[in-house]
Amino acid sequence: MIACVASAPASAAPTAPPPARTAPDAVSPGARVFAEQAGKLGAQKCARLYSVLGDLVSQGADYAVRTETNKQAPDAHHIQGAVGMTYNLPDLKGQAAGLVFAAPVANGCEGHFVRIAPFQKPCQQVVKDLPAGSVAAANLSGVPVYQLGGGQGQALMIASGASCVVVTVTPGSEAL
């Protein structure tokens with residue numbers, strides 16, 4: 001079962017990143033590109049969560065993803081993907097980006113996706129389109145943060161002239 005959960009701060013100190021192994025870019029409409037790339041790199045343990053989070057971050061867009069993981073022990077380390085996206089939706093057109101992470105933990109996998117999407121309207125209008133139950137949660141140095149309704153994570157709203165750049169952070173977990 002894969003579920004969205006609230007995130008908790010990491011307690012371990014950062015370490016140097018392990019050597020990475022990279023899958024080639026892949027363009028996908030509708031393909032299981034995230035799972036395929038994880039599999040090609042030998043990352044089986046968290047491939048399903050990585051794929052679900054990847055599908056969520058890229059929903060509604062044409063995209064390409066570049067997946068990386070540890071070369072020597074892919075199932076013992078995180079899988080990460082950098083996603084370039086192009087939207088052609090009524091309220092969202094143009095380029096966006098995403099990051100997807102999934103890592104093994106004691107009894108399964110935990111991960112996040114981060115999506116950065118520029119909307120061609122002011123943040124005050126974008127707020128009206130947030131999922132039902134969304135509430136203002138914080139103001140970080142002038143950047144409003146909303147807790148999204150339905151357990152969908154958080155959204156940071158960055159005003160940029162008449163536009164709004166929305167950074168969405170959504171956690172997920174999978175018990176194995």
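Computed from heavy atoms alone, side chains included, the values below leave out hydrogens, waters and symmetry copies.
- With Asp62 contributing its side chain and Thr86 its backbone, the two residues share no donor-acceptor pair below 3.5 Å.
- Identified under the disulfide (SG to SG under 2.5 Å) test for residues 61-122, with sequence neighbours left out: Cys46-Cys109.
- Here the straight-line distance linking atom CG of Leu53 with atom CZ of Arg48 works out to 11.5 Å at 0.5 Å rounding.
- Residues that satisfy the side-chain contact (heavy atoms from CB on, under 4.5 Å) test with Cys164, not counting sequence neighbours, are Cys123, Val126, Met157, Val166.
- When all heavy atoms are compared, the tightest approach of Ala38 to Ile79 is CB-CD1, 4.2 Å.
- Phe119 and Val167 are members of different hydrophobic clusters when ILVMFWY side chains are connected at heavy-atom separations under 4.5 Å.
- For Tyr87 against Arg115, the heavy-atom pair with the smallest separation is OH-CD, 3.4 Å.
- Hydrophobic clustering, with ILVMFWY side chains joined whenever heavy atoms are under 4.5 angstrom apart, keeps Val57 apart from Ile116.
- Closest of all the heavy-atom pairs between Pro74 and Gln72 is CD-C, 3.7 Å.
- When all heavy atoms are compared, the tightest approach of Val169 to His112 is CG1-CD2, 3.9 Å.
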>> Let's go through Thr69 and Thr67 carefully: what are the C-alpha distance in whole Å and the side-chain angles of both, what is the deciding distance for side-chain contact (heavy atoms from CB on, under 4.5 Å) to 0.1 Å, and is it a yes or a no?
In response: CA-CA 7 Å; Thr69 192; Thr67 300; 5.8 Å; no

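- Note on residues 150-176: no pairs pass ring pair (Phe, Tyr, Trp, His ring centres under 6.0 Å), not counting sequence neighbours.
- Atom-to-atom distance recorded for Gln59:CD and Met85:CE is 11.0 Å, nearest 0.5 angstrom.
- Here the closest heavy-atom approach between residue Ala43 and residue Ala47 is recorded as O-CB, 3.3 Å.
- Remark: Gln120 engages Pro118, Ser163 in a side-chain contact (heavy atoms from CB on, under 4.5 Å) (not counting sequence neighbours).
- Pairs passing the disulfide (SG to SG under 2.5 Å) check and including a residue from residues 128-162, sequence neighbours excluded, do not occur.
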Using residues 137-149 as the side-chain source, report each donor-acceptor pair under 3.5 Å to any protein atom, sequence neighbours left out, with the distance given to one decimal.
{"from": "Asn139", "atom 1": "OD1", "to": "Gly142", "atom 2": "N", "distance (Å)": "2.8"}
{"from": "Asn139", "atom 1": "OD1", "to": "Val143", "atom 2": "N", "distance (Å)": "3.4"}
{"from": "Gln147", "atom 1": "NE2", "to": "Gly153", "atom 2": "O", "distance (Å)": "3.2"}

>> Using the rule given for side-chain contact (heavy atoms from CB on, under 4.5 Å), can you reason through Gln37 versus Val65, listing the C-alpha separation, both sets of side-chain angles and the distance that settles it, and then say yes or no?
In response: CA-CA 9 Å; Gln37 286 192 7; Val65 58; 3.7 Å; yes

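- Atom CG of Asn70 is separated from atom NE2 of His77 by 4.0 Å, given to the nearest 0.5 angstrom.
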> Can you list the steps and then say if Phe34 with Tyr63 is a side-chain contact (heavy atoms from CB on, under 4.5 Å)?
Replying inline: CA-CA 11 Å; Phe34 291 91; Tyr63 66 93; 3.4 Å; yes

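- Among residues two or more places apart in sequence or in another chain, the side-chain contact (heavy atoms from CB on, under 4.5 Å) test is passed with Gln125 by Lys121, Pro122.
- Cluster membership check: Val114 shares its hydrophobic cluster with Ile158, using side-chain heavy-atom separations under 4.5 Å among Ile, Leu, Val, Met, Phe, Trp and Tyr.
- Judged by distance alone, with hydrogens and angles left aside, the side-chain atoms of Ser58 form a donor-acceptor pair with the main-chain N or O of Gly54 at under 3.5 Å.
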Output side-chain donor-acceptor pairs under 3.5 Å for residues 92-107, partner residues at least two apart or in another chain, one line each.
{"from": "Lys93", "atom 1": "NZ", "to": "Asn88", "atom 2": "OD1", "distance (Å)": "3.1"}
{"from": "Lys93", "atom 1": "NZ", "to": "Leu89", "atom 2": "O", "distance (Å)": "3.1"}

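- With sequence neighbours excluded, the residues that form a side-chain contact (heavy atoms from CB on, under 4.5 Å) with Ala35 are Arg32, Ser51.
- Applying the disulfide (SG to SG under 2.5 Å) definition to pairs two or more places apart or across chains, none involves residues 62-99.
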